[in-house]
Protein chains: 2
Amino acid sequence: MSYSYDYPHPAVTTDIVIFTIRQDELMVLLIKRANEPFKGEWALPGGFVQIDEDLENGARRELLEETGVKDVYLEQLYTYGAVDRDPRERVITVAYYALVPSDKMEIRAASDAEGVGWFSVDKLPELAFDHARILGMAHERLVAKLDYSTIAFQFMPDEFTLSTLQRVYELILREEVDKRNFRKKILSLKQIEDTGKEQREGPHRPAKLYRVIDRSRIAFIK
Amino acid sequence: MSYSYDYPHPAVTTDIVIFTIRQDELMVLLIKRANEPFKGEWALPGGFVQIDEDLENGARRELLEETGVKDVYLEQLYTYGAVDRDPRERVITVAYYALVPSDKMEIRAASDAEGVGWFSVDKLPELAFDHARILGMAHERLVAKLDYSTIAFQFMPDEFTLSTLQRVYELILREEVDKRNFRKKILSLKQIEDTGKEQREGPHRPAKLYRVIDRSRIAFIK
DNA sequence: TCAAAAGTGTTTGCTATACACCCATGA
DNA sequence: TCATGGGTGTATAGCAAACACTTTTGA
């Protein structure tokens with residue numbers, strides 16, 4: 001079977017930068033390529049857009065296949081179409097990024113399955129194609145959005161403490177944050193609420209557990 | 001001549017939202033479609049990405065053909081890939097937006113040539129495909145960027161007065177701004193400089209002419 | 001009782017906003 | 001001389017940043 005057109009068509013893929021917080025680090029999911037080109041190198045998960053599938057659905061499909069999660073935050077990042085970015089044929093890729101709560105991971109990505117791995121954004125391997133650039137832009141976007149939106153809440157499990165939320169901010173911003181100012185600001189947004197429950201662990205005062213009021217909503221700040 | 005692939009490929013186009021300020025309004029360039037589908041309706045300028053042409057080059061080519069300008073501000077907006085957005089075949093479009101200084105326009109777009117026209121963003125006709133949505137997102141992006149960048153300078157001719165710059169802000173924001181505060185803020189950015197020249201027109205004090213110091217630079221504010 | 005993280009307010013500086021009058025010109 | 005838009009400074013309010021001690025618990 002083959003498909004013919006009157007003029008040349010590029011191939012279109014989606015690639016997805018999957019971020020999560022694990023082991024006190026901001027991490028991304030990478031796949032070891034099984035085939036040429038770049039066989040054996042690490043790359044972003046992704047694949048061809050099906051002819052009867054919307055772009056975002058394609059990205060969600062990849063995400064589900066790699067991590068077993070759905071219903072997480074997913075946003076289109078940018079479209080990369082340099083003529084020579086793939087040596088095989090003209091390939092245009094629509095890149096997305098996803099934020100996955102640390103407790104939601106399953107199967108492939110959760111286990112350290114062969115050929116799939118989580119990498120700290122600070123200790124990335126060489127990447128195939130232009131994926132280093134894509135990942136860099138995704139990281140930039142994430143840092144920028146932290147400043148004017150509640151996007152970081154997307155990393156949190158259903159219930160969490162303010163200290164762990166603060167830690168997420170510190171990891172992404174790469175700088176320490178003042179505890180009192182942080183709590184004041186976060187609570188003033190009215191986007192999270194006290195569950196009434198407490199989390200006690202270790203020889204210290206128990207921490208209140210909060211939840212995000214509307215998970216689907218990324219509020220804009222200021 | 002025909003081109004064959006082992007699996008179906010979508011077509012890829014670029015569409016471009018060309019903004020300018022004319023007649024004291026924020027305007028966009030539209031083209032009247034000469035062919036089906038949507039024959040006779042207004043649409044964004046755009047066309048198929050050539051197989052040996054980068055995405056941004058494709059958009060610049062469209063821009064040049066329609067307005068005769070090059071070297072203006074152009075930014076990728078978003079990629080639209082709903083399965084049924086084009087009734088002919090699967091078409092994925094990478095949308096860009098451009099900001100053109102009001103004095104740079106030539107030929108086709110400058111004249112009111114048949115089938116090409118400038119429309120106020122407040123008085124748009126029905127648009128073909130999903131172009132109304134694309135245009136809406138471009139407009140949103142422009143408004144948002146006004147707040148945290150010097151993107152509006154891209155609308156200005158080489159030399160301009162602070163009053164005309166203020167007017168551009170007011171048109172895009174759809175609200176009046178305070179003259180003293182505006183001047184204070186703009187000048188504090190150190191992105192424009194006094195040319196030493198004056199513009200005299202009408203029975204009132206002449207206005208100082210300014211120029212953008214580095215036209216290629218969109219400074220981010222705050 | 002000690003060590004460890006949770007929780008809590010006030011002061012200070014800076015930035016954004018509100019606001020009104022004189023200036024230079026052409027007709 | 002008058003009508004028109006160009007040009008200028010200060011006072012105030014609101015927000016962001018700095019900063020230190022008390023509380024609760026488990027061992």
Side-chain angles (χ1 to χ4, degrees), chain A residues 21 24 143-150 152 156-157 159-211 219-222, chain B residues 21 23-24 143-150 152 156-157 159-171 173-211 219-222:
Chain A
I21 307 285
D24 207 43
V143 171
K145 282 220 161 185
L146 217 57
D147 231 59
Y148 64 87
S149 80
T150 56
M156 306 314 290
E159 303 189 335
F160 55 91
T161 68
L162 287 179
S163 293
T164 54
L165 180 61
Q166 179 176 340
R167 189 69 191 136
V168 169
Y169 273 81
E170 288 176 338
L171 289 173
I172 301 173
L173 295 175
R174 298 175 202 269
E175 64 184 24
E176 304 217 329
V177 171
D178 179 82
K179 203 204 305 190
R180 277 171 294 190
N181 292 338
F182 178 77
R183 285 163 185 245
K184 221 181 311 173
K185 188 170 123 196
I186 294 296
L187 293 174
S188 74
L189 300 175
K190 308 277 187 204
Q191 299 295 312
I192 65 173
E193 63 186 2
D194 194 335
T195 60
K197 298 188 218 165
E198 289 187 333
Q199 169 180 296
R200 51 184 61 212
E201 55 165 22
H204 55 83
R205 183 168 171 174
K208 287 185 188 172
L209 285 165
Y210 289 81
R211 80 169 73 86
F220 291 90
I221 305 173
K222 276 185 288 190
Chain B
I21 307 284
Q23 300 162 210
D24 207 41
V143 171
K145 282 219 161 183
L146 216 58
D147 230 60
Y148 63 86
S149 80
T150 56
M156 307 313 292
E159 303 188 334
F160 55 91
T161 68
L162 287 179
S163 294
T164 54
L165 180 61
Q166 178 177 342
R167 189 69 191 135
V168 169
Y169 273 81
E170 289 177 336
L171 289 172
L173 295 174
R174 301 175 201 270
E175 65 184 24
E176 306 217 323
V177 307
D178 179 83
K179 203 207 298 191
R180 278 173 292 190
N181 292 338
F182 178 78
R183 285 162 186 246
K184 220 182 310 172
K185 189 170 122 193
I186 294 296
L187 293 174
S188 75
L189 300 175
K190 309 274 188 208
Q191 300 295 312
I192 65 173
E193 63 186 3
D194 194 336
T195 61
K197 297 189 219 166
E198 290 186 336
Q199 170 181 294
R200 50 185 62 210
E201 55 166 20
H204 55 81
R205 181 168 173 176
K208 287 185 189 173
L209 284 166
Y210 289 81
R211 80 169 74 87
F220 290 89
I221 306 173
K222 275 183 292 188

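Below, chain A is the first sequence line, B the second, and so on; all start at residue 1.
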Q) Base, sugar-phosphate, or nothing: which does A:K184 touch, judged by heavy atoms less than 4.0 Å apart? A) base
**Q.** Closest-nucleotide ordering on DNA chain D, the 5'-leading residue of A:R180 and A:G202
**A.** A:R180
Q. Where each residue is assigned the nucleotide of DNA chain C containing its nearest heavy atom, which of B:P203 and A:D178 is assigned the position nearer the 5′ end?
A. A:D178
Q) Nearest to the side chain of A:A207 - C:dG7, D:dA20, D:dT8? A) C:dG7
Q. Counting side-chain heavy atoms from C-beta on, which of C:dA6, D:dG7, D:dT4 comes nearest to B:K208?
A. D:dG7
Q: Identify the heavy atoms of A:Q166 and A:D178 that sit nearest to each other, and give their distance.
A: NE2-C, 4.3 Å
Q. Does A:S163 put a side-chain nitrogen or oxygen below 4.0 Å from OP1 or OP2 of C:dA5?
A. no
Q. Which nucleotide in the list D:dG6, D:dT24, C:dG9 gets nearest to the side chain of B:K179?
A. D:dG6
Q. Rounded to the Å, how far apart are A:N181 CG and C:dT10 C1'?
A. 11 Å
Q | Whole-Å distance separating the CD1 atom of B:I186 from the C1' atom of C:dT17 | A | 16 Å
Q. Under 4.0 angstrom, heavy atoms only, what part of the nucleic acid is A:K185 near: base, sugar-phosphate, or nothing?
A. nothing
**Q.** Given C:dA6, D:dT8, C:dC19, the nucleotide with the shortest approach to the side chain of A:R183
**A.** C:dA6
Q.
Between P on D:dT24 and CD on A:E201, what's the gap in Å once rounded to a whole number?
A. 19 Å
Q | Gap between atoms CZ and P, on B:F160 and D:dG6 respectively (whole Å) | A | 14 Å
Q: Output yes when at least one side-chain N/O atom of B:R205 is less than 4.0 Å from OP1 or OP2 of D:dG7, else no.
A: no
Q.
So does A:V177 get a backbone contact from the side chain of A:E170, meaning a donor-acceptor N/O pair under 3.5 Å?
A. yes
(Q) Looking at every heavy atom in both B:F160 and B:I192, which two are closest together, and how far apart are they? (A) CZ-CG2, 4.0 Å
Q) B:Y148 OH to C:dT15 P: how many Å, rounded? A) 21 Å
Q. So B:F182 and B:Y169, would you call those rings parallel, tilted or perpendicular, with 30° and 60° as cut-offs?
A. perpendicular
Q | A:R200 side chain near D:dG26 phosphate (N/O to OP1/OP2, under 4.0 Å) | A | yes
(Q) From CD of B:E176 over to C1' of D:dG5, roughly how many Å is that when rounded to an integer? (A) 14 Å
Q) B:L209 CG to D:dG6 C1': how many Å, rounded? A) 12 Å
Q) Taking atom OG1 of A:T161 and atom CZ of A:R167, what is their separation to the nearest 0.5 Å? A) 12.0 Å
Q.
Can you work out whether B:P206 or A:T161 has the more 5'-proximal nearest nucleotide on DNA chain C?
A. A:T161
